[in-house]
Amino acid sequence: MSHVLVINPILYTSETNRIPRVHSIKETMIYTLCKGFLKNGQQVTLIAAEDYRPEEEEQYDFPVIFMETVLHGIFQPRCFPYMPKLRGYLRKHKEYDYIISSEMFATWSYTVARVCPDKAVIWHELAKHNNMLHQMPSRFWYGLVARFLMRRVTVIPRSRAAAYFIGHFSGNVSGTVIDHGVDIEKIVPVQAAERKNQFVAVSQLIGRKRIDRTIESFTKFWNKGYKEYRLYIIGKGELEEELRAQVKGLDMEENIIFCGQLTHDRLLPLVAQSQALLVSTEKDNNMVSIAESIVAGTPVVTTPVPYNAYDIEKEKLGIVKANWGEETLVEICADNMVYVQNCVRYREKLSNVYCAGQFMKVMTSPVH
């Protein structure tokens, strides 16, 4: 039985340096992936930053270590945390057979690359330079630190876009792309004929997510004669009152419903019963909500921005269009059965068990 260490300090996205405390981390992407290793028969341990410890104590399926971060003025915990005790921990604990560290542009990945490069891989998501300080730290890191000081570590990209980007700085990039895994046992797909006349948007209600565009497009679709349809908006954020005012001004309060933040048990049935997940984002990486939607058999209408838009287009799991609008919603409804069948057929490849298995294949290969 192999023992896998996963180092992923940032458990969820925070838009500011005041990281919100959550009730549980069990619905985060990385926790789900770790459960995939358990189901594959491996032991697994997760290291996360202390800043992301939930506000209530939890019992976990595997060891979770919350490690202290320091020098927050320089190493901001929301994007670039520094855990000085990690080096000593890695030198002391030799029981791990394999180590997975998130992101190349990361202090913890640098530590892993210097202490134990032969048993480690870096799971890389970013497909462009980090904008911090006008990209200067990012360009220095990739051009010098990654290229020379981290060159012995295998890099596993999370998307084709990430593979293309990191390939400019590392000659050791795996040809295997591994997406964020989903616990598909919790998600039962619904056949096209059983779906309701509704769409769903799962998102923080913040500027870059452009929920206002989603509302506008749905309203135009509704006015074209599809008055039996509803749009459910799931999430919270600073623009909620502004978006509610937009809906009220359009006289669409009965057909556009704000659901707030929902647990997965309440969220997933709404997604599974919908004609499509709607995504209008202007800035994102791989979106877990997209993976969960596909696993539920629900097609995705999205801009090309999310990195997993590549697979949506390639596998016909929905429609990818830069400025999608009401006509796109008409199209996704007309061909819904085909898109749903494609999603159901593809869903196994997004399983956390499948993703964990892909990691093990790469890490146990003679040269990874």
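FYI, side chains are in, hydrogens and waters are out, and symmetry mates aren't considered; it's all heavy atoms of this structure.
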Is the His134-Phe140 ring centre distance short of 6.0 angstrom?
no
List, by chain and then residue number, the residues other than Val340 in its hydrophobic cluster (Ile/Leu/Val/Met/Phe/Trp/Tyr, side-chain heavy atoms under 4.5 Å); write none if there are no others.
Val344
Check against side-chain hydrogen bond (donor to acceptor under 3.5 Å, both in side chains), Asn286 and Tyr307
CA-CA 5 Å; Asn286 280 13; Tyr307 298 159; over 6 Å; no
Closest non-hydrogen atom pair between Arg230 and Glu254, with its separation:
NE-O, 3.5 Å
Please enumerate all residues that pass side-chain contact (heavy atoms from CB on, under 4.5 Å) together with Val320, with sequence neighbours excluded.
Thr302, Pro304, Ala309, Ile312, Glu313
State, to 0.1 Å, how close Trp108 and Met83 come at their nearest heavy-atom pair, and which atoms those are.
CB-CE, 4.1 Å
Of all pairs that satisfy salt bridge (charged side-chain N to carboxylate O under 4.0 Å, His left out), the ones with a partner from residues 264-290, not counting sequence neighbours:
Arg208-Asp284, Lys209-Asp284, Arg210-Glu282, Arg213-Glu282
Anything under 30° is parallel, anything over 60° is perpendicular, the rest tilted; go ahead and classify Phe221 against Phe218.
tilted
Should the pair Tyr164 and His168 be assigned to parallel (<30°), tilted (30 to 60°) or perpendicular (>60°) ring geometry?
perpendicular
Excluding sequence neighbours, so at least two apart, what forms side-chain hydrogen bond (donor to acceptor under 3.5 Å, both in side chains) with Glu58?
Ser24, Tyr60
Do His23 and Glu55 pass the side-chain hydrogen bond (donor to acceptor under 3.5 Å, both in side chains) test, and can you show the C-alpha distance, the side-chain angles, and the key distance before you say yes or no?
CA-CA 6 Å; His23 294 296; Glu55 56 188 5; 2.7 Å; yes
Pro269: side-chain contact (heavy atoms from CB on, under 4.5 Å) partners, not counting sequence neighbours:
Gln273
Kindly say whether the aromatic ring centers of Phe165 and His129 come within a distance under 6.0 Å.
yes
With side-chain hydrogen bond (donor to acceptor under 3.5 Å, both in side chains) as the test, would you mind laying out the steps for His264 and Glu27 before giving the verdict?
CA-CA 8 Å; His264 271 64; Glu27 293 182 351; 2.8 Å; yes
Has the side chain of Lys119 got a donor or acceptor atom that lies under 3.5 Å from a matching backbone atom of Tyr96?
yes
Using the rule given for side-chain hydrogen bond (donor to acceptor under 3.5 Å, both in side chains), can you reason through Glu326 versus Ser217, listing the C-alpha separation, both sets of side-chain angles and the distance that settles it, and then say yes or no?
CA-CA 5 Å; Glu326 67 274 18; Ser217 296; 5.3 Å; no
Which atoms form the tightest heavy-atom contact between Leu33 and Cys355, and what is the distance?
CD1-CB, 4.1 Å
Where is the tightest heavy-atom contact between Leu38 and Asp61, given as atom of each residue plus distance?
CD1-O, 3.5 Å
Residue list, side-chain contact (heavy atoms from CB on, under 4.5 Å) with Cys259, at least two apart or on another chain:
Tyr232, Ile234, Ile257, Leu262, Leu270
Carboxylate-amine/guanidinium proximity below 4.0 Å for Glu315 and Arg345:
no
Is the shortest distance from a Lys or Arg side-chain nitrogen in Asp118 or Arg152 to a carboxylate oxygen in the other one below 4.0 Å?
yes
Which atoms form the tightest heavy-atom contact between His124 and Tyr142, and what is the distance?
CE1-OH, 3.2 Å
From the options Gln198, Gln275, Lys196, select the one residue that forms a side chain to side chain contact (heavy atoms under 4.5 Å, CB included) with Tyr229.
Gln275
When you check the gap from the basic side-chain N to the acidic O, do Glu125 and Arg158 get nearer than 4.0 Å?
yes
Please check if the distance between the ring centroids of Trp123 and His180 is under 6.0 Å.
yes
Under 4.5 Å between side-chain heavy atoms, counting indirect links through other Ile/Leu/Val/Met/Phe/Trp/Tyr residues: same cluster for Ile7 and Phe37 or not?
yes
Exercise: identify the closest heavy-atom pair between Asn130 and Ser138
N-OG, 3.2 Å
Ion pair check, Lys39 and Asp183, cut-off under 4.0 Å
yes
In a check of side chain to side chain contact (heavy atoms under 4.5 Å, CB included) between Ile100 and each of Val362, Ile156, Val4, which one passes?
Val4
